[in-house]
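Only one structure is covered here, and it is reproduced in the block below.
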Amino acid sequence: MKPWALFSHSVGMLVRNFGDMLRVFLVPTLLIVALFATFLRMTGLWEILQWGAVTQLPENSGLSGPLFLVIVLSLLVGMWSVVAWHRFVLLEETPQGWLPRLEGSRVMAYFGRSVQIALVLICLMIPVLLVVLLLTTMLSGAGPAALQLINLPIAIFITYLVLRLSVILPAAALGADMGLRAAWNYTGNAFGDLLGLAAIMVAAQYAAQFIAESLAASPTLAAGVSILVSAALALLNISLLTTLYGHYVEGRPV
């Protein structure tokens, strides 16, 4: 079963290379945490969060600009480690020490391709969201179970689209010349494989959400588990993109 083979190969790649994974992701992740912690302390939001109050930023607070800057910097730092991981697996660039090699041009290319995918998905999802809105209105009296039946296939469909397009991201990390059309063509014969993989990924996300909600009675424990599960899912998604590029673009076995 190809979808499960792709999924298990991606998980195994993380497990087999656990030490190298830490060298690639640990320091950039700590830098991201430090960025947000510094922002929260400098703006006084740290004390508000300690009270357990989560509110929207006031329009005249002047914090929207700095927050946006922190988010962009965090994304770039995160992509630094993601690019290093793709290059470690696909080019065998073994990390030296605890600071992954910085490929600035590749990080910026990765960022640009990510924005490109996001814009394309927004355009593709507009008609889908209109249909969902119509169905939701029609089934509004049918209860939450009926609405969930709508959300599930939509989530699988969106994930499928992301998988089809996202092989350009490892290509950007490697410096390969690949556009969205080429990415779509490389995965053109993998409809069933990627649809099944999308279903597995959505199921994993639902399972993670269920675990977090089951621990709601203990907010501290729930927050800790939620962070760990989110980190694990993020690493899995990165590993999946590497696997898809290696398999469908480079022809590697799984």
Side-chain angles (χ1 to χ4, degrees), residues 1-11 54 56 71 75 78-79 82 110-111 113-170 179-216 222 225-245 247-248:
M1 183 180 177
K2 181 65 76 65
W4 182 252
L6 293 167
F7 182 83
S8 59
H9 180 84
S10 302
V11 173
V54 180
Q56 293 183 343
I71 291 173
L75 286 173
M79 289 177 183
V82 174
Y110 204 95
F111 181 80
R113 290 302 195 188
S114 299
V115 172
Q116 187 179 10
I117 291 174
L119 293 176
V120 170
L121 286 175
I122 290 172
C123 294
L124 291 175
M125 288 310 299
I126 288 176
V128 176
L129 292 176
L130 291 176
V131 173
V132 171
L133 181 61
L134 176 62
L135 291 175
T136 301
T137 303
M138 294 173 58
L139 298 174
S140 58
L147 297 178
Q148 193 63 36
L149 289 176
I150 299 175
N151 293 335
L152 183 60
I154 293 299
I156 294 174
F157 177 67
I158 294 174
T159 305
Y160 166 78
L161 290 178
V162 171
L163 293 174
R164 285 288 304 269
L165 297 173
S166 291
V167 291
I168 67 170
L169 295 178
L180 288 173
R181 183 183 297 275
W184 194 261
N185 290 336
Y186 272 117
T187 55
N189 296 323
F191 173 77
D193 299 344
L194 296 186
L195 191 65
L197 181 59
I200 293 173
M201 294 175 66
V202 170
Q205 182 66 48
Y206 272 73
Q209 182 178 345
F210 174 78
I211 292 173
E213 291 177 352
S214 66
L215 298 172
V225 171
S226 179
I227 292 173
L228 289 175
V229 170
S230 297
L233 288 175
L235 290 171
L236 176 59
N237 289 333
I238 295 166
S239 185
L240 278 168
L241 294 186
T242 313
T243 298
L244 293 179
Y245 183 88
H247 183 62
Y248 290 107

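Computed from a predicted structure; not experimentally measured. Hydrogens, waters and symmetry mates play no part in the numbers below; they use all other heavy atoms, side chains included.
Scanning both residues, G196 and P3, for their nearest heavy atoms gives C-CB, 3.7 Å. Nearest heavy atoms, M79 versus S114: CE-OG, 3.7 Å.
Going from atom CD of Q205 over to atom CD of Q209 covers 7.0 Å, rounded to the nearest 0.5 Å. Atom-to-atom distance recorded for T187:OG1 and L165:CG is 7.5 Å, nearest 0.5 angstrom. The distance from atom CD of Q116 to atom CG of L180, rounded to the nearest 0.5 Å, is 4.0 Å.
Here the side chains of V167 and Y248 are not in contact, with every heavy-atom distance at 4.5 Å or above. Using a 4.5 Å heavy-atom threshold, the side chains of L197 and L244 count as touching. Residues I168 and I117 have side chains in contact (heavy-atom distance under 4.5 Å, counting atoms from C-beta outward). Taking the side chain as every heavy atom from C-beta outward, L129 and I154 never approach each other to under 4.5 Å. For the pair I200/L6, no side-chain contact is recorded, criterion being any heavy-atom separation below 4.5 Å from C-beta on. Looking only at side-chain heavy atoms (C-beta outward), L152 and Y206 come within less than 4.5 Å of each other. You'll find the side chain of V82 stays beyond 4.5 Å of the side chain of L241, heavy atoms only.
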Extract all donor-acceptor atom pairs below 3.5 Å that involve side chains of residues 155-162 and protein atoms in other chains or at least two apart in sequence.
| unit_1 | atom_1 | unit_2 | atom_2 | d |
| --- | --- | --- | --- | --- |
| T159 | OG1 | A155 | O | 2.8 |
| Y160 | OH | R164 | NH1 | 2.7 |

Result block: side-chain N/O donor-acceptor pairs under 3.5 angstrom for residues 229-239, not counting sequence neighbours:
| unit_1 | atom_1 | unit_2 | atom_2 | d |
| --- | --- | --- | --- | --- |
| S230 | OG | S226 | O | 2.8 |
| N237 | ND2 | L233 | O | 3.2 |
| S239 | OG | S10 | O | 2.8 |

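With sequence neighbours excluded, the residues that form a ring pair (Phe, Tyr, Trp, His ring centres under 6.0 Å) with F7 are W4.
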